[in-house]
Structures are given as C-alpha cells and as structure tokens.
Amino acid sequence: MQIYEELKARGLIAQVTDEAEIRELVNNGKATFYIGFDPTADSLHVGHFMALCLMKRLQMAGNRPIALIGGGTGYIGDPSGRTDMRSMMTAETIQHNCDCFKKQMERFIEFGEDKALMVNNADWLLKLNYVDLLREVGACFSVNNMLRAECYKQRMEKGLSFLEFNYMIMQSYDFYHMFQTLGCNMQFGGDDQWSNMLGGTELIRRKLGKDAYAMTITLLMNSEGKKMGKTASGAVWLDPNKTSPYDFYQYWRNVGDADVLKCIRMLTFLPLEQVDEMDSWEGAQLNTAKEILAYELTKLVHGEAEAEKAQETARGLFAGGGDAANMPCTKLSRADFEGDSIDILTLLVKCGLCASKGEARRLVQQGGVTVDGQKVGDIEAAWSCKDCCGEGKVIKKGKKVYHKALLEE
RNA sequence: GGGGGAAUUCCAGAGCGGUCAAAUGGGGCAGACUGUAAAUCUGUUGUCACUGACUUCGGUGGUUCGAAUCCACCUUCCCCCA
C-alpha cells in the first residue's frame, strides 16, 4: 500500500486541493511540504504530535518535510476556531517557545542536509515593510472571500480585530515565500487551517501562475465531538515535566470505547492489518486495545523505557498488588509535620490532590480517599513521621488517582 | 465622530438596597453501578480555626445604619448610525 492510500485508510486526510496530483507527488517522494507550528506555549501537545507523525510518515516515503515555526506569525495570533482574542505574547516568550519546540521536534524528526528542514518565519516576516507588502500581495486577497472563510465565521459574531484578520495573509505569505526559496510545493495542517492554507495556494497561483497544493489532517475528535488531547486542566503535553509519562499513558488508557480504534489508527504506527483485526473487538476486550494505544503512544513520545514503566505502574495499581514504584510521588519534609504528625487534609493538599483544605474535607467526608488500601472517612486521621518513612503512604483519590507521599530523612 | 448597552464565581447566565457566598444550566470532583469505558442516578463545587468567621460580583471613589444592586469617574467589550 502506498503512503497516500495508507494515510487515507488511517483516516488522517480531511481535505485536499487536488487529490490526483497530491497522490502522485506524495507516493513518488516528490513533495516538499511544510507544516506550521505556532509557538503559543512552551511545549508541543497532542495536536502537534499528529502533525509530527504525519511528517515522519511522509519522510519515510521519501518526501522532504519542512517544519515551520511561527516565530513571526506568533506576533499576530491565529483567530481560527477561537472565540476570543489571544493575549499578545512578548518577543521573549515567543523566542523561548520556539526554542522549546525545536528541542522537542528534534526527537521525532531527523533534521539536516537533504533531510527535514526547520525554519522560522520570523526570519522573513519581521523584515517586511507594510506598504511594500500591500503592493506585493495585497491585490491578491479578496476581502469578500476572506470574510466568507470558515476560520473567521465564529469571530464574525463576536468581533475580529484587523490584527488577527491579517493572520491568513501572513500564513499565505509563508507558503509563497517557501515555494520560491525552498521549492516547497505542499502545505499540511490541521483541518481548522483549511482556509488559511487555501489563501497560500491562491496567492502562489495569482502571483506566480503555478500550482501548489494543500492537504489537511483530520482533527482528532472524540465521539462527543470535542477535541482530543485536552483535559479539564489543559492540554496533554509532550513535555514530561508538564504531563508526566504516567499521566500521558493514563490519558490514552482512559479514552472512550468509541474512540480507541480511531486513535490507534490515526496516531500509532502499528500496521493497518493488525489494526483491522482489532476492529472486531468489543466490550471489555477493548480494554486491551486501550492498553495497546496507551503503550504505543507513550513509547513514541517518551521512549520504550518510560512506556514500560507507565504500563507496569498502571497495571500494578489497578490490578492490585503490583509495585507502586513509579507512581507520582510527593516528598515530604519534617517541616510539613506539626509536632510529629500530619493530618489527612494537610496531606492531600501537600500532594496537590486537593486545591484547598475545604475540598480535601469534602473528599474525605464523601468517602473518596484511601490510604494504603484503607478507606479514610475521618477528617481527623493523621500519621506520624515514622509512618511516612520507608515505603511512604500510598494515597488513592477517587478511583483512579494514585499518589505517594514519602518522608525522606 | 455620534448614540445605546454590557462587565457577576471555572464557563454560560439569573440577581428586588438588607433574608446573597449569590438562582439555574454546563463543566469539575466524589459516591453507587461498571471494564481504569459510556450512559444513568446521588452528593458536592469561594477560603478558613466549617452550627461560626472571613474575602468576593471589571477598577476607584461616593450615597446609606447597610451596596453585586444607587451615583460619579475610569477601564474593557459589544451593538446601532457615520
């Protein structure tokens, strides 16, 4: 099966400008394509991960990837799919984020001569002169068309500033620029980027009279139509300091039944035949599929050793008995103890399991806390220093959150 | 440039000068049921020394015994006209 067909079978392709032409280019390794990453945070997240995987797949098929970091577009902010304006980032923040991105990407994609390229659009965008730019490309954009673009729809109701309105022009300019300087003939991106990407192909056609192509990746949605890779407390990050490998593993281990296969297909590199076999699984058997998904992804992002650890920890905790060595752990100090003891409420707050004592109190009263396998229902419960030494205390909050508190002397 | 309206807790959105830590919905958290799933039902959801006290309703002042509620100014946003 060729690469284009595989991408299609995995459900990764959402929209394309010219299917026949793109298939031809991609399958024969003739595409030089770029994907843009906006440095809005200091770590990549799951959405970026899909894009990185796509780059990798295409690179393996002989195509040349360009990772474009939006150091320049970061000054403007993409309004697509947002209901409010982004807060403006300072130059330092943008630079810091770009650096972080670069480091993380290097783990997935091979950069170098005749391999993947990494460029930053700050290098050309920041040099642009307003009037020159208007004269150069301004005539190629129809405001009428832009206003119709899907990416501005939501914002048309709430209000869209001129600043953000220009995002599409900047992105189009990137494509135009790289088409000429790097021979970049294709752009990939999230499906929410479709109109921005069309802006680019359109600009190239008008200015240069040549064809360039665009293809979008299906956004990973769960069965409820929400973007995946988000939790209540924010995105699922690839940076182990922001989302630990264990939490990362657990996120995928807990996806809904309806979403497992889709995730495996889209995110992992498991051969399609193997995935197709899993298609017939149902009921509790899907738990195995979830384990595979979680393991595979953790392995891709954090490496095999971390994946093993996360899996063992999870199995140990949930199947009972097993070792608790790798669960998240908070180290206590003598100062945390009042006299010789620490009470349950303080302990929960110290471990970050509860935001306040009030919350901890409720949790305990509602029977949501277990320590060392014993349910704790008394808010007065307390332990001494000695209790917390050695193996420490294993606290279980609710059904799934395990945490260890340890006093080291 | 002119006119009008809005800002409330994680979000949306009620809120009569005292009975307002503030309706309702969503989300979150927990309990029951389960398969570490979904659905459902129940409880809970400002902080603390939790029968009590304290700090909140864009900001700053003011009126009042008493202000989320009234007044002034400021800030931000939206709408209409140009």
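Computed from a predicted model, the values in this text were never measured in an experiment. Proteins get letters first, then strands, A, B, ... in listed order; numbering begins at 1 in each.
For Lys262(A), the side chain to side chain contact (heavy atoms under 4.5 Å, CB included) partners are Asp259(A), Met266(A), not counting sequence neighbours. The ring-ring contact (aromatic ring centres under 6.0 Å, His included) test applied to Trp124(A) returns His177(A), not counting sequence neighbours. Partners of Thr17(A) according to the side chain to side chain donor-acceptor pair (under 3.5 Å) rule, which considers only residues two or more places apart in sequence or in another chain, do not exist here. For Tyr251(A), there are no ring-ring contact (aromatic ring centres under 6.0 Å, His included) partners two or more places apart in sequence or in a different chain. When the ring-ring contact (aromatic ring centres under 6.0 Å, His included) test is applied to His403(A), no partner is found at least two apart in sequence or on another chain. Contacts of Leu128(A) classified as side chain to side chain contact (heavy atoms under 4.5 Å, CB included), with partners at least two apart in sequence or in another chain: Leu125(A), Leu133(A), Tyr173(A). Taking Phe179(A) as the reference, nothing meets the ring-ring contact (aromatic ring centres under 6.0 Å, His included) condition, with sequence neighbours excluded. For Arg64(A), the side chain to side chain contact (heavy atoms under 4.5 Å, CB included) partners two or more places apart in sequence, or in a different chain, are Thr32(A), Leu117(A).
Using atom P as the reference point in both rC57(B) and rG52(B), the two lie 24 Å apart (nearest Å). Atom C1' of rC79(B) sits at a distance of 28 Å from the matching atom of rC10(B), rounded to the whole Å. For the C1' atom pair drawn from rG17(B) and rC71(B), the interatomic distance equals 13 Å after rounding to whole Å. With both ends at atom P, the span from rU69(B) to rU63(B) equals 15 Å, rounded to whole Å. Comparing rU55(B) with rC16(B), their P atoms are spaced 24 Å from each other, to the whole Å. Here, rC65(B) and rG58(B) have their C1' atoms 28 Å apart, quoted to the whole Å. The same atom, C1', is picked in rA21(B) and in rA37(B); the two are 37 Å apart, to the nearest Å.
For Lys242(A), the NZ atom counts as densely surrounded, since its 6.0 Å shell holds more than 12 non-hydrogen atoms of other residues, nucleotides or ligands. Atom NZ of Lys207(A) is surrounded by more than 12 heavy atoms from other residues, nucleotides or ligands within 6.0 Å.
Rounded to whole angstrom, the span from the NZ atom of Lys357(A) across to the P atom of rU47(B) amounts to 13 Å. The CZ-P distance, from Phe318(A) to rU36(B), rounds to 8 Å in whole Å. One atom, CG of Asp247(A), and another, C1' of rU36(B), lie 14 Å apart when rounded to the nearest Å. We find that NZ of Lys290(A) is positioned 12 Å from P of rG35(B), with the value rounded to whole Å. Here the P atom of nucleotide rC50(B) and the CD1 atom of Ile344(A) are 17 Å apart, to the nearest Å. For Trp281(A) and rA37(B), the CH2 to P distance is 18 Å, given to the nearest whole Å. Between Gln285(A) atom CD and rA37(B) atom P the separation is 18 Å, expressed in whole Å. Rounded to an integer number of Å, the gap from CD of Gln365(A) to P of rU45(B) is 11 Å.
Ionic pairing of Arg23(A) and Glu5(A) is present here: one or more N-O contacts between side-chain nitrogen and carboxylate oxygen are shorter than 4.0 angstrom. Glu19(A) has a carboxylate O that lies under 4.0 Å from a charged side-chain N of Lys8(A), or vice versa, which qualifies the two as a salt bridge. The residues Glu306(A) and Lys299(A) are annotated as not salt-bridged, no charged nitrogen and carboxylate oxygen being separated by less than 4.0 angstrom. The pair Glu359(A)-Arg362(A) does not count as a salt bridge, with every side-chain nitrogen at least 4.0 angstrom from each carboxylate oxygen. Electrostatic pairing of Arg265(A) and Asp276(A) counts as a salt bridge here, judged by a charged N lying under 4.0 Å from a carboxylate O.
For the segment residues 251-264 of chain A, the set of residues with a heavy atom within less than 4.0 Å of an atom of RNA chain B comprises Arg253(A), Asn254(A), Val255(A), Gly256(A), Asp257(A), in numerical order.
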Please produce a list of atom pairs where a protein N or O lies less than 3.5 Å from an N or O of nucleotides 10-13 of chain B.
none

- Item | Protein-to-nucleotide contact annotation, 5' to 3' order, nucleotides 23-29 of chain B [B base; S sugar-phosphate only; - none; under 4.0 Å, heavy atom] | -----SS

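Close to rG46(B), at under 4.0 Å from its OP1 or OP2, lies no side-chain N or O of Ser356(A).
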- Query: Dot-bracket for RNA chain B: what is it, with Watson-Crick or G-U pairs under 3.5 Å, [ ] where a pair crosses earlier ones, and | for a pair to another strand?
  - Reply: (((((((..(((.....[.....)))((((((.......))))))(((...)))...(((((..]....)))))))))))).

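Of all nucleotides listed (rC50(B), rG35(B), rU36(B)), rG35(B) comes nearest to the side chain of Leu286(A).
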